[in-house]
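Side chains included, hydrogens not; waters and symmetry mates left out as well; all remaining heavy atoms used.
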Amino acid sequence: MIFYFSGTGNSRWVATQLSAHFSDTLYSIGEYERKESPLAPTFEVKPDEKIGFVFPVYSWGVPPVVTRFIADMQLEGYNRQPVYCIMTCGDECGYTNRMFTRAIKAKRLETKHIYSIIMPNSYICMKGFDVDSKEVQARKIEMAKIELPRVMSAIENDQSIDFYTKGKRFLRIKSGLIYKLFAKHALSDKPYRCGDACTSCGKCVKVCPVNNIGLVAGKPVWKGNCTQCLACIHVCPTRAIEYGKSTQNKGRYFFNQQK
Ligand SMILES: Cc1cc2nc3c(=O)[nH]c(=O)nc-3n(C[C@H](O)[C@H](O)[C@H](O)COP(=O)(O)O)c2cc1C
């Protein structure tokens with residue numbers, strides 16, 4: 001079984017490739033975030049079934065929606081098989097691996113293989129952050145197509161390979177203080193604005209992985225449970241959606257390749 005979270009499609013692509021390779025079932029973490037029921041989601045695991053997590057790195061850490069899911073989920077029949085993880089990132093993960101390990105161990109589960117795959121950047125909400133150029137996007141995707149099979153083979157054969165881009169500078173501060181500030185203050189959906197270019201196509205509603213957007217009088221309205229995945233901004237065909245002023249004049253990105 002593969003649990004995944006994805007906003008702009010990179011991690012969904014990785015999860016889909018894994019699912020095809022291992023013939024494993026995919027579960028979208030966002031689907032469980034949608035449920036208003038307070039019941040912990042329960043999954044039945046076969047004794048030798050692989051269990052994997054795929055998600056994007058957010059602010060050098062695990063997206064809070066993923067940490068919440070790990071804390072809530074129940075695995076029935078779990079047989080101490082190590083849980084693997086592939087995170088996608090724009091360029092560096094910091095200590096997201098340690099954060100993931102802590103969350104998994106707190107559930108009395110084991111983990112062993114933790115990898116990262118660099119993919120096109122989706123973060124555009126702060127000064128100095130923008131999408132990659134088309135050339136860099138294409139190069140990253142080509143590399144990912146080469147690296148992912150190697151990672152899948154390592155998972156399959158229980159080999160440890162060094163496939164994790166930690167980054168180099170200020171990692172403790174990035175995965176520590178900056179991540180905490182992100183998780184506390186950056187998940188608000190109040191700054192979202194929809195301009196006159198909106199055609200009421202509803203793509204933002206459909207793409208939101210946690211069902212946080214509705215249409216009122218043909219315009220998107222955010223319901224207060226944003227994960228900051230930015231899928232709504234990136235998917236909008238008329239660029240009608242902005243996050244305050246910070247996303248103005250920035251590029252847009254969405255992974256839409258089939259293979
Ligand atoms: C809120 C947010 C924070 C991000 N933080 C990081 C980061 O700390 N390091 C990094 O390399 N990429 C970062 N990114 C880029 C994403 O991790 C990367 O583009 C990822 O592949 C997106 O996955 P998705 O398309 O499945 O949503 C961030 C993206 C978002 C939306």
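Salt bridge present: Lys140 and Asp132 bring a charged side-chain N and a carboxylate O closer than 4.0 Å. Electrostatic pairing of Arg150 and Glu156 does not count as a salt bridge here, judged by no charged N lying under 4.0 Å from a carboxylate O.
Counting only distance, with no hydrogens or angles, the side chain of Thr101 and the backbone of Asn97 share a donor-acceptor pair below 3.5 Å. Side chain of Lys250 to main chain of Ser246: a donor-acceptor pair is present (N/O by atom type, distance under 3.5 Å, no hydrogens or angles). Counting only distance, with no hydrogens or angles, the side chain of Asn121 and the backbone of Asp130 share a donor-acceptor pair below 3.5 Å. The backbone N or O of Ala71 lies less than 3.5 Å from a partner atom in the side chain of Lys107, making a donor-acceptor pair.
Classification of the Phe182-Tyr179 ring pair by plane angle, with boundaries at 30° and 60°, yields tilted. Using the six-membered ring where Trp is involved, Phe3 and Phe53 have ring planes that are tilted, between 30° and 60° apart. Ring geometry, Tyr32 versus Phe69: the interplanar angle falls from 30° to 60°, so the pair is classed tilted. Phe5 and Tyr58 have perpendicular rings, their planes meeting at more than 60° on a 0 to 90° scale where under 30° would count as parallel.
Counting heavy atoms from C-beta outward, Ile51 and Gln81 have side chains that approach closer than 4.5 Å. Counting heavy atoms from C-beta on, the side chains of Thr16 and Ser19 never come closer than 4.5 Å. Side-chain contact between Leu187 and Pro64 is present, with at least one heavy-atom pair separated by less than 4.5 Å. Counting only heavy atoms from C-beta outward, the side chains of Ile141 and Pro120 approach each other to under 4.5 Å. Within the 4.5 Å cutoff, the side chain of Ser6 has no heavy atoms near those of the Pro209 side chain. By the 4.5 Å heavy-atom criterion applied to side chains, Lys105 and Leu109 are not counted as neighbours. Between Trp222 and Cys208, the closest side-chain pair of non-hydrogen atoms is not below 4.5 Å. Residues Thr8 and Phe255 fail the side-chain proximity criterion, which asks for heavy atoms closer than 4.5 Å.
Taking each heavy atom of Tyr115 and Ile161 in turn, the nearest pair found is CE2-O, 3.3 Å. Across all their heavy atoms, Gln17 and Met152 have their closest contact at O-SD, 3.9 Å.
Under the side chain to side chain donor-acceptor pair (under 3.5 Å) criterion, Lys174 pairs with Glu92, sequence neighbours left out.
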(request) Go through the steps to decide whether Thr88 and Ser11 satisfy the test side-chain hydrogen bond (donor to acceptor under 3.5 Å, both in side chains), and finish with yes or no. (result) CA-CA 6 Å; Thr88 69; Ser11 311; 2.9 Å; yes

(request) Show your working on side chain to side chain contact (heavy atoms under 4.5 Å, CB included) between Phe43 and Met1 and close with a plain yes or no. (result) CA-CA 9 Å; Phe43 304 90; Met1 57 179 58; 4.1 Å; yes

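Applying the side-chain hydrogen bond (donor to acceptor under 3.5 Å, both in side chains) definition to pairs two or more places apart or across chains, those involving residues 70-80 are Arg80-Glu110.
Val62 and Leu177 fall into different hydrophobic clusters, where Ile, Leu, Val, Met, Phe, Trp and Tyr side chains are chained together by heavy-atom contacts under 4.5 Å.
Using modelled atom types and a 3.5 Å distance limit, the side chains of Tyr84 and Asp158 yield no donor-acceptor pair.
How far OG1 of Thr227 is from CG of Asn212: 8.0 Å, rounded to the nearest 0.5 Å.
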